[in-house]
Amino acid sequence: MKNLQPENNQDSRWKKWFKRVGIGGLIFFTLKGIAWLFIFYFGAEMFQDCTGK
């Protein structure tokens, strides 16, 4: 008999990881990424202000 399940290893890895981390982890990492974007943006503006333009 043929194996009826698709051999999509990449999708199964993501599904397994997402089940392990859950929605809380997804929200945490999303907010963490947004926080780093703000830090880099305002940090760059702060350094531009220090150059004395």
Side-chain angles (χ1 to χ4, degrees):
M1 277 192 91
K2 291 183 179 179
N3 188 2
L4 298 177
Q5 291 182 343
E7 294 183 20
N8 214 350
N9 231 1
Q10 189 68 17
D11 284 344
S12 66
R13 283 184 187 170
W14 281 108
K15 286 180 184 178
K16 186 185 283 187
W17 181 84
F18 187 71
K19 284 181 182 178
R20 217 180 302 152
V21 174
I23 194 74
L26 180 68
I27 292 171
F28 170 75
F29 285 114
T30 302
L31 292 176
K32 181 180 169 187
I34 291 171
W36 276 110
L37 290 174
F38 276 106
I39 289 170
F40 285 129
Y41 177 75
F42 289 115
E45 278 199 4
M46 185 178 67
F47 282 117
Q48 284 181 348
D49 290 342
C50 290
T51 58
K53 279 189 169 183

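For reference, positions follow the sequence shown, starting with 1. Note that the structure is a prediction, hence the values are computed from the model and not measured. Computed from heavy atoms alone, side chains included, the values below leave out hydrogens, waters and symmetry copies.
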For Leu26 and Val21 the tightest heavy-atom approach is N-CG1, 4.1 Å
Leu37 and Phe29: same hydrophobic cluster, using ILVMFWY side-chain contacts below 4.5 Å? no
Can you run down the side-chain hydrogen bond (donor to acceptor under 3.5 Å, both in side chains) pairs that involve residues 19-39, sequence neighbours left out, and say none if there aren't any? none
Students should find that the hydrophobic cluster of Phe38, defined by side-chain heavy atoms under 4.5 Å apart, otherwise consists of Ile34, Tyr41, Phe42
Could you identify which residues cluster with Met46, counting Ile, Leu, Val, Met, Phe, Trp and Tyr as linked when any side-chain heavy atoms lie under 4.5 Å apart, either directly or through a chain of such contacts? none
